[in-house]
Amino acid sequence: MQDDEKQIGDPAAGEDVVALLMRQHGQIHSLFDEVRLSEGESRKDAFSRLVRLLAVHETAEEEVVHPHARSAFDGGDDVVQERLAEENAAKEILARLEELDPGDPKFMPMLLSLRDAVLVHARAEERYEFAQLRRNSSPTRLMAMAKAVRAAEKIAPTHPHPGVESASANVMLGPMAALVDRTRDAIRAVMDKDQDKEEGRGRGRSRDADKD
C-alpha cells in the first residue's frame, strides 16, 4: 500500500517523524523485556526481532533525522554528534552480543548492558533532539520525514555495522554498501516526490496571483 493510500486506523497513518520514532522506542523497550523473559528458541526469535528493529531504527535516524537536525536548531550539530557516539557504542555491544548463543551465561549480562545503553540513548534523543525538531520544524517537514523513515525501514540493513553512521562511510563495505545505497535512494525518492508536490503547488499559486 502506498503511503498516500494508508487507511484510517493504520497506526503509521498521520504520524510525524517524532511520533513514529518514539513509538519505535516503546517497541524496542518491549522487545528487550521479551528477550530477557523468554528462553530457548523463543529468546532467539525475540532477539532476532530486536536486532532488526534496532538496525532499521538507527539507520532511519542516521539517514533522515540527524542530517536535518544538524541545521534545524542552534547546537544541532553537537547534539547529533553526541547521539552518533551513543549509537556507535551500542552497536559495538550488539556486535559482541550477536557472537553469543542466547543460552550462553554471558548473554544476559551483555543484553542488559545493551539495554541500558540503548535506553539512555533513546531518552537523550527524545529530550535533546526530538523536542528541538518539534519546536523548529514545520509539521509538513516532519510528516515528509516520517514517509522517508518508513521507506528506509523497508530495506534497511538487518544488522547495524559498528562505526558506520552515514551512507558515505559505507562505500567500501561490500554487501552493506548496496543496502545503504538502496536505503538512501528510497529516502531521496520520497523526499523528492514531496518536494515536487510542494513546488507544483507553489507554481499554481504563482499563476493564480498573476491572474489577479
Asp78: partners by salt bridge (charged side-chain N to carboxylate O under 4.0 Å, His left out), with sequence neighbours left out: none
Heavy-atom donor-acceptor pair, Ser137 side chain to Arg134 backbone, under 3.5 Å: no
From CA spacing to verdict: salt bridge (charged side-chain N to carboxylate O under 4.0 Å, His left out), Lys91, Glu58: CA-CA 10 Å; Lys91 288 176 185 178; Glu58 297 302 341; over 6 Å; no
Residue list, salt bridge (charged side-chain N to carboxylate O under 4.0 Å, His left out) with Arg36, at least two apart or on another chain: Asp33
Note: Lys44-Glu41 ion pair, threshold 4.0 Å (strictly below): yes
Atom of Asp16, atom of Ala146 and distance for their closest heavy-atom approach: C-CB, 3.7 Å
Point-to-point distance, once rounded to the nearest 0.5 Å, from CG of Leu142 to NZ of Lys147: 13.0 Å
Gap separating the CG atom of Asp74 from the CG atom of Asn136, nearest 0.5 angstrom: 8.0 Å
Contacts of Arg70 that satisfy salt bridge (charged side-chain N to carboxylate O under 4.0 Å, His left out) - sequence neighbours left out: Asp77
Salt bridge (charged side-chain N to carboxylate O under 4.0 Å, His left out) against Arg43, all qualifying residues, sequence neighbours excluded: none
Rounded distance [0.5 Å steps], CG in Leu94 versus CD in Glu87: 12.5 Å
Donor-acceptor pairs under 3.5 angstrom involving side-chain atoms of residues 104-121: please list them, not counting sequence neighbours.
| residue | atom | partner | partner atom | Å |
| --- | --- | --- | --- | --- |
| Asp104 | OD1 | Lys106 | N | 2.7 |
| His121 | ND1 | Glu86 | OE1 | 2.8 |
| His121 | NE2 | Glu125 | OE2 | 3.1 |

Atom pair CD (Glu129) and NE2 (His66), whose distance is rounded to the nearest 0.5 Å: 5.0 Å
Ion pair Glu34/Arg49, N-O distance below 4.0 Å: yes
Ring pair (Phe, Tyr, Trp, His ring centres under 6.0 Å): pairs with one or both residues in residues 68-91, sequence neighbours excluded: none
